[in-house]
2 protein chains.
Amino acid sequence: MLSERQMMILRAVVRDFTNTGVPVGSKTLAKQLPIHVSSATIRNELAALEEQGLIEKTHSSSGRIPSGEGYRYYVDHLVKPDPLRPNDMDVIQSSLGGDFHKIDEIISQSATILSNLTSYTAFTLKPELKDSRLSGFRLIPLGKRQVMAILVTDSGDVENQTFDVNEKVTGEQLEAVVRLINDQLVGLTLPEVLKKLQQDIPLKIANYLQSPEGFLDIFGDVLTRAAQERFYVGGRLNLLNFSQDSDVDSLKSLYAMLDKTDDIADVLGQPSDKISVRIGNEMTNDALRNFSLITATYDVDQHGKGMIAILGPTRMPYSRMLGIVGAFREELAKKLLDYYRFYDE
Amino acid sequence: MLSERQMMILRAVVRDFTNTGVPVGSKTLAKQLPIHVSSATIRNELAALEEQGLIEKTHSSSGRIPSGEGYRYYVDHLVKPDPLRPNDMDVIQSSLGGDFHKIDEIISQSATILSNLTSYTAFTLKPELKDSRLSGFRLIPLGKRQVMAILVTDSGDVENQTFDVNEKVTGEQLEAVVRLINDQLVGLTLPEVLKKLQQDIPLKIANYLQSPEGFLDIFGDVLTRAAQERFYVGGRLNLLNFSQDSDVDSLKSLYAMLDKTDDIADVLGQPSDKISVRIGNEMTNDALRNFSLITATYDVDQHGKGMIAILGPTRMPYSRMLGIVGAFREELAKKLLDYYRFYDE
DNA sequence: TTTAGCACTCAAACTAATCAAGTGCTAAGA
DNA sequence: TCTTAGCACTTGATTAGTTTGAGTGCTAAA
């Protein structure tokens, strides 16, 4: 249990350290705090906080920095989101103000905006309805031997891929395959489709095509792409700013992670209605030890919920960041509702 | 004019420095060289080479490193490509050996292979016929209000984009627009189409659509994407290995460049049949001062010519790299000819 | 419970000394 | 004229030693 004064001090330690990056000592704190106590008193309190594992020293005679647990306590009990700077709100509104022709443009643009506002790396995920189902598959001949495969789900996701076909394959054969797929698979969830694709479908397709492998490759590829959630990432390069002592290896593994959709999904974790803060040591991924992740969902009514997130150094100004994330989720939801309204009207 | 011995020494300086990264002194050279001369003699020759600007010192009593001009002389007169290591050839052949269903897969895979072989960053550009022309444009309705725009050029490039349309727009209107575009624009080169798009087309389209802006946006977007050359990049992260003293700013501008197609096209420059080496100081881009770029074309007969390139530190083992690039261009051309042959048969 | 005072610790900054690798130059030898 | 041994000199790196300053814990008095 912390006393009021200890909370005040912990808050001051986190604030000061996130601002300056320098371990903070008793004298500095004595000057900053609203109450008038001597540095010796503060030293006693600091010792108590250290006892509880909330702060730590970098060496035996240094000032204190927050521990992982300290940050956790801070975000759970002490921080309150800063109101947005007026300028930031302008940025959001003008960047989201333009004319968009597809949801994905808005979502990807959002990642950029968020990273600009925070100067960290941002992730966005479009509003998603659970378990989207296959609603149609098409093969469109484009030229002599080019065909485009298009897959549409009932939640409106579209994946496509162009590929070449050998001229021995006739239009009728392709049509038969498309009919087969639409007959057998439409209405199933994507994981179900994937499963069927590994079981009975290849046999059936073999009735129409001599060597169905190529086609199955394509279909499987489009399908897996559609099945995995698609994240947009903004401000990847901002990670470079925090490469302490240029640890190239961990930077590399971070960037490798950004390109693996599955890994990101893993890191972002399950959506929750509250804005959630995950602090370095709480994340399984080792490369993230010095980072914190703020995630939040946004709600677009009957169109589902999406997610936004920012990834920055553990030592980040949480109050400001929470303010930004909170405001942005609202604005984004508004924008999307507008968008849907326009195209539904 | 350099004497035989000076050439031998310059070659040794470049070799040694690219291997070790340490400025090389007269004593080391005396030991390495096939001829038997004293270090004092070498010092005299080094002084002569420095006089001519081919080598330089990092400080007044250091060993020598090649200057930009030194590297230039080396690649122009002294280097000869290493034969490929057997293992490298295996890597190439097994990575290119798989089954591909589109040219772009082969080309993008090639960027990865090249970067793996060299541990630098690699670029590939698919074989391209000059001045491809618009050969078809389609709008495919996908769902309630989703439409996919597909643009095909006579060289087989396909660009597409999905977008939402307001329900007030009818199918007939869209068909009219498609007909208009195909009537008026098919057969023109893409730059010509872009030009028309800014001039008379908007007026004509206004006959069919009340607010054509949205549609023009989409069409223009797909068009510009089709008009610009598409590069594949492999091994972006390898750039991190050469971030001397972690100069974050120049790294950032490098990475920003990789994402701007135009900039890359600029850097790669005009294709030439010979393998070309461009050395840091010879490139306009400041962020590339410490890099060298090796570019080469590959020739796929009637299907045009493409380009491959690797970007690594100026201090790279040129002989090995030239060997790799030379061998790879051959293998890639072979693979592509096979590919075309299969789909043409 | 608070605080002044004090001895103590440690990283960082600075200084000085030494080392190793290299250079240019001179003068002698082939 | 070219080569080479020898030598004085330069320079960055490394190491050890010093100083400084910010900070701590502890004690004893208010």
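Just the heavy atoms: all of them, side chains too, but no hydrogens, waters or symmetry mates, feed the values below. It should be emphasised that the depicted structure is a prediction, and the values quoted were computed from it without experimental measurement. A, B, ... follow the sequence lines: proteins, then strands. Residue 1 opens every chain.
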Separation of atom CD in A/Glu45 from atom P in C/dT2, rounded to whole Å: 7 Å
Any side-chain heavy-atom pair of B/Met8 and B/Pro34 under 4.5 Å: yes
Side-chain donor or acceptor of B/Thr41 paired with backbone N/O of B/Val37 under 3.5 Å: no
Per A/Ala40 side chain, nearest of listed nucleotides D/dT4, C/dG24, C/dT3: C/dT3
Separation of C/dT3 C1' from A/Arg5 CZ (nearest whole Å): 12 Å
Comparing A/Gly25 and B/Thr58 on DNA chain D - which has the more 5′ nearest nucleotide: B/Thr58
Length of the CD1-P vector between A/Ile9 and D/dT24, whole Å: 11 Å
Any A/Ser26 side-chain nitrogen or oxygen under 4.0 Å from OP1 or OP2 of D/dT24: yes
Gap between atoms CD1 and C1', on B/Ile42 and C/dG24 respectively (whole Å): 16 Å
Side-chain-base donor-acceptor pair under 3.5 Å for B/Ser61 and D/dT10: yes
Under-4.0 Å side-chain N/O to phosphate OP1/OP2 contact, B/Ser38 with D/dT3: no
Parallel, tilted or perpendicular, as decided by the 30° and 60° cut-offs, for the rings of B/Tyr71 and B/Tyr318: tilted
Rounded distance (Å) that lies between atom C1' of C/dT1 and atom CG of A/Asn44: 9 Å
Sugar-phosphate only, base, or nothing, as touched by A/Thr28 at under 4.0 Å among non-hydrogen atoms: sugar-phosphate
Salt-bridge criterion met for A/Asp88 and A/Arg320 (N-O under 4.0 Å): yes
Phosphate OP1/OP2 of C/dG24 contacted by B/Lys57 side-chain N/O (<4.0 Å): yes
Rounded interatomic separation in angstrom, taking CD from B/Glu56 and P from D/dT11: 17 Å
OP1 or OP2 of D/dC2 under 4.0 Å from side-chain N/O of B/Arg43: no
A/Ser60 side-chain N/O to C/dC10 phosphate OP1/OP2 under 4.0 Å: yes
C/dG24 base / B/Arg64 side chain donor-acceptor hit below 3.5 Å: no
Charged N-O contact under 4.0 Å between A/Arg64 and A/Glu56: no
Phosphate OP1/OP2 of D/dG23: any A/Ser62 side-chain N/O under 4.0 Å: no
Atom-to-atom span, CD of A/Glu51 to C1' of D/dT24 - whole angstrom: 15 Å
Spacing between A/Leu46 atom CG and D/dC26 atom P, to the nearest angstrom: 14 Å
